[in-house]
**Student:** 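Let me begin by handing over the structure; questions about it come next.
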Amino acid sequence: MANPHPADTTTTRRTLLAAPLVHIHPPLTEQVQRALADGADLVELRADCIDDSGAIEDFLRAPSRPPCILTLRSAAEGGRFDGTDADRIALMERLGLLIPGYIDVELDTWNRSANLRQKLGLVCDMGGPQPLHALDRPRNRLILSRHDWTGARSDDPGRTIDELLNIQGAIAKAAFTARDATDALRVLAALHARRGTGREMIAIAMGEAGIASRVLAGKFGGFLSFAALDQSAASAPGQLTLRRMGDVYRWNSIRAASRVFGVVGWPVSHSRSPQVHNAGFDAAATDAVYVPLPVEPTQAAFDRFADYVDVHPELDISGLSITIPHKPHALRWLLDRGYEISTFAQRAGAVNTLSRAADGRWRGDNTDGVGAVAALRASLGAAASLAGARAAVLGAGGAARGVAAALLAEGAHVTIYNRTHTAADALSADLGCASQSWEERDRISASIIVNCTSVGMGAAAGESPLPAGALRAGMTVLDTVYSPRRTALLRDAGAAGAAAIEGTEMFLEQAAAQFELWIGQPAPRQAMRQAFEQSWT
Ligand code: NAP
């Protein structure tokens, strides 16, 4: 078989990381140096975006340069080249003679143009016996690509990959628009299923929902993955930067045996869980990686995702953090499929952690409660008891369920306040605690207040769920909102002389509890905290 890495001197096969170059400035040599320093193995010269064939030619003639992918994507295929097919083919042939290493062309163009097949045949090694006169011809590898920008083919990525694999000697590259993380998993499962063919494949789910497919390409034997120099150089939606790929996702340490963890929610782009958990795995030398898994915000979408994970154990998904809005969906899924739910999560009626046992069975837990209690204890002092304390929980959603159940388990007297009173009533009935109308929160007399509403984050950043006048010295106020870190509620609490605890503290504690459930050893809290702090810079 032809050497898969024609410009490589190494013989070990590992998934490559390619940085697309889409700008002419700064000079290409400078961009290449930065890409290599940031962890790229090769660069993709997007000649259609750079739009200066002279500069590309000069660069390709330079004596020492890394292997390159030459791509001249037409506008019709999602690129920027708007010349004729004949111009494009001539340019590919000319630049191909300079042995960039790989030449990427779309399957549709390949199929429709005999001229292109003939010209690229002169500059590409397609494997098979070589005619004598062609032995000294350039030996680029051909990447045949297909991009599904509509998502129409995302249900069955294997079909597209197989169409590409029909062309012998070429590397197959299939990119799909992912609607949610289930599509990203389908891409990875399709790669995995074809691993034994010995053929080289690049399979990518595009968009934010597809990030897992980019990060996990190495685990599932993809030929390469793409990562950008910076956001402005990303050549496709969802492409991470090289630094993020290396620093957050530990690209170089992902192997076939690495276990996979992730956060399931909608949206999850704001989540700091990937930074925190990957740093934890790194510090504990655990062979695992943690990825964002955005799943559309319905029970049906959650069920589709979880069922897919359930019947694809080869994906190695061993644990999941569950966030808004999927905590009740996860509980329902576990109940419907007959899986185990911890007594505490059952009592709380919310699951924020899924763990998969070696026999493939799932278990649901809730670490929000222990996270909140640990954060309160750290502030109140180890000697202080929550037993008998009067606690007000604002909100009646997934977080409020775990927090209220944990406070009750500690012996606190809990009152639920929620904007929608029926939800407050339902939660207080479930847990056997008190509830008050939302308006009554102005007259809160509790010594502990935990905000479990989403007021203070996102569109409601800057707002507080409590009037400042309701806060007094002697109170302890925990805001579960952790982005922003210092919320209006905490500022008001500080000004009133109350103890103010950032949601960060609860977040780190619930993440540490998840780590311990999944990995079975003490969480490296210091490393996880440090990664959390760094994620703000
Ligand atoms: P959820 O299930 O969607 O519940 C949202 C809650 O916020 C509901 O009680 C809702 O009241 C209330 N709410 C939303 N907008 C409101 C408004 N404008 N005024 C008053 N109440 C409003 O979400 P969740 O999973 O419980 O999460 C809630 C918060 O906890 C989020 O900010 C999340 O980031 C945070 N959290 C933090 C951690 C941590 O570790 N720090 C862990 C989990 C969650 P209605 O019933 O009236 O809609």
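Every number for a ligand or one of its atoms is a count from 1 in the order of the listing.
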**Student:** Answer side chain, backbone, both or neither: which part of Tyr482 comes under 4.0 Å from ligand 1, heavy atoms only.
**Tutor:** side chain
**Student:** Looking only at heavy atoms of Cys452, does any of them come nearer than 4.0 Å to an atom of ligand 1?
**Tutor:** yes
**Student:** Kindly give the heavy-atom pair with the smallest separation between Ala391 and Leu407, and that separation in Å.
**Tutor:** CB-CD1, 4.0 Å
**Student:** May I ask you to check whether Phe261 and Phe281 place their ring centers less than 6.0 Å from one another?
**Tutor:** yes
**Student:** Could you check atom 32 (O) of ligand 1 against the protein and tell me its nearest heavy-atom contact, residue, atom and distance included?
**Tutor:** Met457 SD, 2.9 Å
**Student:** Quick one: CD on Glu463 to OG1 on Thr453, what's the gap to the nearest 0.5 Å?
**Tutor:** 9.5 Å
**Student:** May I ask you to test the Val295-His326 pair for a side-chain heavy-atom distance under 4.5 Å?
**Tutor:** yes
**Student:** With heavy atoms of Ala399 as the reference, note each atom of ligand 1 found under 4.0 Å away.
**Tutor:** 24 (P), 25 (O), 26 (O), 27 (O), 30 (O), 43 (C), 44 (C)
**Student:** Taking the ring of Trp518 and the ring of His277, is the distance between their centroids below 6.0 Å?
**Tutor:** yes
**Student:** Closer than 4.0 Å to some heavy atom of Ser454 - which atoms of ligand 1 meet that?
**Tutor:** 7 (O), 14 (C), 15 (N), 32 (O)
**Student:** Can you sort out which atoms of ligand 1 are near Gly397, meaning under 4.0 Å from one of its heavy atoms?
**Tutor:** 2 (O), 4 (O), 9 (O), 26 (O)
**Student:** Looking only at N/O atoms, are Trp438 and ligand 1 under 3.5 Å apart anywhere?
**Tutor:** no
**Student:** For the pair Tyr339 and Trp333, name the ring-plane relationship: parallel under 30°, tilted 30 to 60°, perpendicular over 60°.
**Tutor:** tilted
**Student:** With heavy atoms of Gln510 as the reference, note each atom of ligand 1 found under 4.0 Å away.
**Tutor:** 40 (O)
**Student:** Look up atom SG in Cys49 and atom NE2 in His23, then write down how far apart they are to the nearest 0.5 Å.
**Tutor:** 8.5 Å
**Student:** Taking both backbone and side-chain atoms of Val455, is any N or O found less than 3.5 Å from an N or O belonging to ligand 1?
**Tutor:** no
**Student:** In Å and rounded to the nearest 0.5 Å, what is the CG to CD1 distance from Asp365 to Ile341?
**Tutor:** 10.0 Å
**Student:** Residue-level breakdown please: for Arg401 versus ligand 1, do any non-hydrogen atoms fall below 4.0 Å on the side chain, on the backbone, on both, or on neither?
**Tutor:** neither
**Student:** Side chain, backbone, both or neither: which applies to Met506 and ligand 1 if a contact is any heavy-atom pair less than 4.0 Å apart?
**Tutor:** both
**Student:** Using a plain distance cutoff, I'd like to know if Gly503 has any nitrogen or oxygen under 3.5 Å from a nitrogen or oxygen of ligand 1.
**Tutor:** yes
**Student:** To the nearest 0.5 Å, tell me how far Arg363 CZ sits from Leu517 CG.
**Tutor:** 7.0 Å
**Student:** Of the protein's non-hydrogen atoms, which lies at the shortest distance from atom 8 (C) of ligand 1, and what is that distance?
**Tutor:** Asn418 OD1, 3.9 Å
**Student:** Mind checking whether Gly395 has an N or O less than 3.5 Å away from an N or O of ligand 1?
**Tutor:** no
**Student:** Which of the atoms of ligand 1 are close to Ile324, meaning less than 4.0 Å from one of its heavy atoms?
**Tutor:** 23 (O), 24 (P), 25 (O), 27 (O), 31 (C)
**Student:** Is it true that atom CZ of Arg472 has more than 12 heavy atoms of other residues, nucleotides or ligands lying nearer than 6.0 Å?
**Tutor:** yes
**Student:** Counting only heavy atoms closer than 4.0 Å, does ligand 1 sit against the backbone of Thr420, its side chain, both, or neither?
**Tutor:** both
**Student:** Among all protein heavy atoms, pick the one closest to atom 40 (O) of ligand 1 and tell me residue, atom and distance.
**Tutor:** Phe507 CA, 3.1 Å
**Student:** Does ligand 1 have an atom under 4.0 Å from some heavy atom of Ala396?
**Tutor:** yes
**Student:** So, do Asn451 and Val477 sit near enough that their side-chain heavy atoms are less than 4.5 Å apart?
**Tutor:** no
**Student:** For Lys327, counting its heavy atoms only, list the atoms of ligand 1 lying under 4.0 Å from any of them.
**Tutor:** 25 (O), 43 (C), 44 (C)
**Student:** Here's one to test your reading of the geometry: is the NZ or CZ of Arg186 within 45 degrees of the ring axis of Tyr308 and under 6.0 Å from its centre?
**Tutor:** yes
**Student:** Would you mind running through ligand 1 and noting each atom that sits below 4.0 Å from a heavy atom of Val481?
**Tutor:** 32 (O)
**Student:** If you measure every N or O of Arg419 against every N or O of ligand 1, does any of those distances drop under 3.5 Å?
**Tutor:** yes
**Student:** For Arg390, look at atom CZ and say whether over 12 heavy atoms of other residues, nucleotides or ligands are found less than 6.0 Å away.
**Tutor:** no
**Student:** Before we go on, tell me: are the rings of Phe176 and Trp149 under 6.0 Å apart, centre to centre?
**Tutor:** no
**Student:** Just let me know how Thr453 lines up against ligand 1, side chain, backbone, both or neither, with a heavy-atom cut-off below 4.0 Å.
**Tutor:** both
**Student:** Using a 4.0 Å heavy-atom cut-off, which part of Pro325 comes near ligand 1: side chain, backbone, both, or neither?
**Tutor:** neither
**Student:** What's the shortest distance from atom 2 (O) of ligand 1 to any protein heavy atom, and which residue and atom give it?
**Tutor:** Gly398 N, 3.0 Å
**Student:** Among protein heavy atoms, which lies nearest atom 30 (O) of ligand 1, and at what distance?
**Tutor:** Thr480 OG1, 3.0 Å
